[in-house]
Number of protein chains: 2
Amino acid sequence: MAESNELIDKLREFGVRITPQRAIILEVIEDLTGHLTAEEIFAEVQKINAYISLATVYRTLDLLKSMGLISEANLGSATTYYAVRDHGTHHHAVCRVCHKTIELPHELFEPIADALRTKANFKADVNHLVVFGWCESCAPQTECGENHLRNN
Amino acid sequence: MAESNELIDKLREFGVRITPQRAIILEVIEDLTGHLTAEEIFAEVQKINAYISLATVYRTLDLLKSMGLISEANLGSATTYYAVRDHGTHHHAVCRVCHKTIELPHELFEPIADALRTKANFKADVNHLVVFGWCESCAPQTECGENHLRNN
DNA sequence: TTATCTGCAAACGATTTGCGGCAGC
DNA sequence: GCTGCCGCAAATCGTTTGCAGATAA
């Protein structure tokens with residue numbers, strides 16, 4: 001397997017060990033386009049080597065997270081989604097009802113990121129923002145969020 | 001106990017039963033100022049009546065959620081936070097490292113909500129937005145999100 | 001009366017952890 | 001060879017659910 005992708009170089013910089021497991025996980029993660037859950041990454045990894053455990057996937061994701069190489073997002077459900085940080089900026093509008101997600105242009109968020117940086121001294125993770133709400137087909141007819149009782 | 005707060009009236013409109021348990025939970029929820037977890041609401045409820053179960057709290061929160069009376073937010077951790085919808089608009093910047101949350105002025109988000117409404121036909125839940133990032137004291141010195149290895 | 005609600009305890013899904021053995025460096 | 005890493009299985013945490021009895025309407 002290619003032992004020299006971008007992420008692996010970053011790991012070297014951090015001085016952590018490059019194990020075959022990590023190499024495979026990194027390979028998978030670098031190829032992923034959208035947002036994947038740990039389980040999805042695990043499934044992908046297992047196609048390459050079935051003897052890698054889910055715990056290792058979680059530990060590697062934690063590692064990458066603490067190095068800032070990937071970002072995570074809670075898109076409303078219990079599950080956490082992961083994405084490589086420099087695979088472009090992707091923001092989301094997530095529907096509270098059907099969980100459909102809409103990708104949003106980056107420019108929308110620049111004023112907010114600026115304001116946060118200058119006024120609150122807060123470095124927004126502009127690679128991964130989430131806005132909850134209601135999509136076109138799930139939007140209630142009445143005042144926003146007033147009549148959702150049907151889905152019980 | 002006061003059987004006539006705002007939320008109870010709303011429940012009546014929806015035709016669901018007003019049980020003592022619900023009355024107590026609603027009372028607690030109406031008084032809460034910030035964001036509470038189900039457990040915190042449960043603890044508060046137990047001070048009034050120790051025989052109300054956590055499951056009932058969750059079921060009531062679900063009910064209120066589906067009626068749009070409360071909103072929920074995942075502030076990065078596994079836990080879900082709840083807030084009454086018309087206790088003003090409160091947005092958050094949440095630090096990925098220390099989980100400190102900063103309250104944000106509403107005006108910042110109006111352009112985004114507008115753009116979402118007009119361009120994507122998406123009704124943003126402007127009562128409860130979350131931006132992840134790094135706060136002043138946890139911000140890495142290097143490029144955003146580059147050097148976080150210490151907290152392992 | 002009767003459909004809805006409750007408490008209990010067990011189930012659940014995602015994630016974490018303790019531990020003995022293994023293997024990069 | 002030392003230290004950090006792995007796989008396994010059990011533990012944890014927040015949340016949901018099945019069921020049988022209770023109760024608001």
Side-chain angles (χ1 to χ4, degrees), chain A residues 1 3-4 8-9 11-26 35-43 45-46 48-67 70 72-82 99 149-152, chain B residues 1 3-4 7-9 11-26 35-43 45-46 48-67 70 72-82 96 99 149-152:
Chain A
M1 56 214 76
E3 277 248 354
S4 60
I8 286 188
D9 291 342
L11 288 221
R12 287 219 172 82
E13 282 175 33
F14 276 95
V16 301
R17 289 190 185 162
I18 316 295
T19 63
Q21 290 88 335
R22 286 184 177 167
I24 291 175
I25 293 171
L26 292 177
H35 297 67
L36 292 185
T37 65
E39 295 277 355
E40 286 166 341
I41 294 169
F42 176 58
V45 162
Q46 288 243 314
I48 302 176
N49 184 328
Y51 295 100
I52 294 177
S53 80
L54 182 55
T56 299
V57 171
Y58 274 109
R59 282 191 272 232
T60 305
L61 288 174
D62 258 12
L63 186 70
L64 295 175
K65 197 169 55 184
S66 63
M67 301 191 318
I70 58 171
E72 59 174 30
N74 302 77
L75 303 185
S77 61
T79 329
T80 304
Y81 290 80
Y82 298 88
H99 299 113
L149 253 189
R150 65 196 64 77
N151 48 357
N152 275 27
Chain B
M1 57 214 71
E3 275 247 355
S4 59
L7 290 176
I8 286 189
D9 291 342
L11 287 221
R12 288 220 171 80
E13 283 174 33
F14 275 95
V16 301
R17 289 190 185 164
I18 316 295
T19 63
Q21 290 89 335
R22 286 183 178 169
I24 291 175
I25 294 171
L26 292 177
H35 297 70
L36 292 185
T37 65
E39 296 277 355
E40 286 166 341
I41 293 169
F42 176 57
V45 162
Q46 289 242 311
I48 303 176
N49 184 328
Y51 295 99
I52 293 178
S53 78
L54 181 56
T56 299
V57 172
Y58 274 109
R59 282 193 272 234
T60 304
L61 288 174
D62 259 11
L63 186 70
L64 295 174
K65 197 169 53 182
S66 63
M67 301 191 320
I70 59 172
E72 59 174 30
N74 301 79
L75 304 186
S77 62
T79 329
T80 304
Y81 290 80
Y82 298 89
R96 278 196 196 286
H99 299 113
L149 256 190
R150 65 195 64 79
N151 49 357
N152 275 24

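Naming convention: chains lettered A, B, ... in sequence-line order (proteins, then strands); numbering from 1 in each chain. These numbers come from a predicted model, not from an experiment.
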| field | Worked check of salt bridge (charged side-chain N to carboxylate O under 4.0 Å, His left out) between A:Asp9 and A:Arg12 | value | CA-CA 5 Å; A:Asp9 291 342; A:Arg12 287 219 172 82; 3.8 Å; yes
| query | Is there a side-chain contact between B:Ile18 and B:Leu26, using heavy atoms and a 4.5 Å cut-off? | reply | no
| said: Can you build the contact string for nucleotides 1-7 of chain C? Use B for base contact, S for sugar-phosphate-only contact, and - for no protein heavy atom under 4.0 Å. | reply: --BBSBB
| query | In whole angstrom, what separates A:Asp62's CG from D:dC5's P? | reply | 13 Å
| request: Give the rounded distance in Å between these two atoms: CD1 of A:Ile24 and P of C:dG24. | output: 12 Å
| query | Salt bridge check: are A:Lys65 and A:Asp62 linked by an N-O gap of less than 4.0 Å? | reply | yes
| note | Heavy-atom closest pair (A:Phe42 atom, A:Leu54 atom, distance to 0.1 Å) is CE1-N, 3.3 Å
| query | For B:Thr37, which residues count as a side chain to side chain contact (heavy atoms under 4.5 Å, CB included) partner, sequence neighbours excluded? | reply | B:Glu39, B:Glu40, B:Thr79, B:Tyr81
| message | Just the rounded figure in Å: distance from C1' of C:dC25 to CD1 of A:Ile18. | response | 11 Å
| request: Provide, to the nearest angstrom, the distance between the OH atom belonging to B:Tyr81 and the C1' atom belonging to D:dT15. | output: 15 Å
| query | Given D:dT16, is OP1 or OP2 found less than 4.0 Å from the side-chain N or O atoms of B:Tyr58? | reply | no
| task | Give a yes/no answer on whether the side chain of B:Thr80 brings an N or O atom under 4.0 Å of OP1 or OP2 in D:dT15. | result | yes
| field | Atom-pair distance (CD1 on A:Ile41; P on C:dA14), nearest Å | value | 14 Å
| task | Provide, to the nearest angstrom, the distance between the CD atom belonging to A:Glu40 and the P atom belonging to C:dT15. | result | 11 Å
| CZ of A:Phe14 versus P of C:dG24: gap in Å, rounded? | 22 Å
| field | Minimum-distance pair of heavy atoms, taken over all atoms of B:Ala38 and B:Leu61 | value | CB-CD1, 3.8 Å
| request: Rounded to the nearest angstrom, tell me the gap between atom CG in B:Leu36 and atom C1' in D:dG14. | output: 16 Å
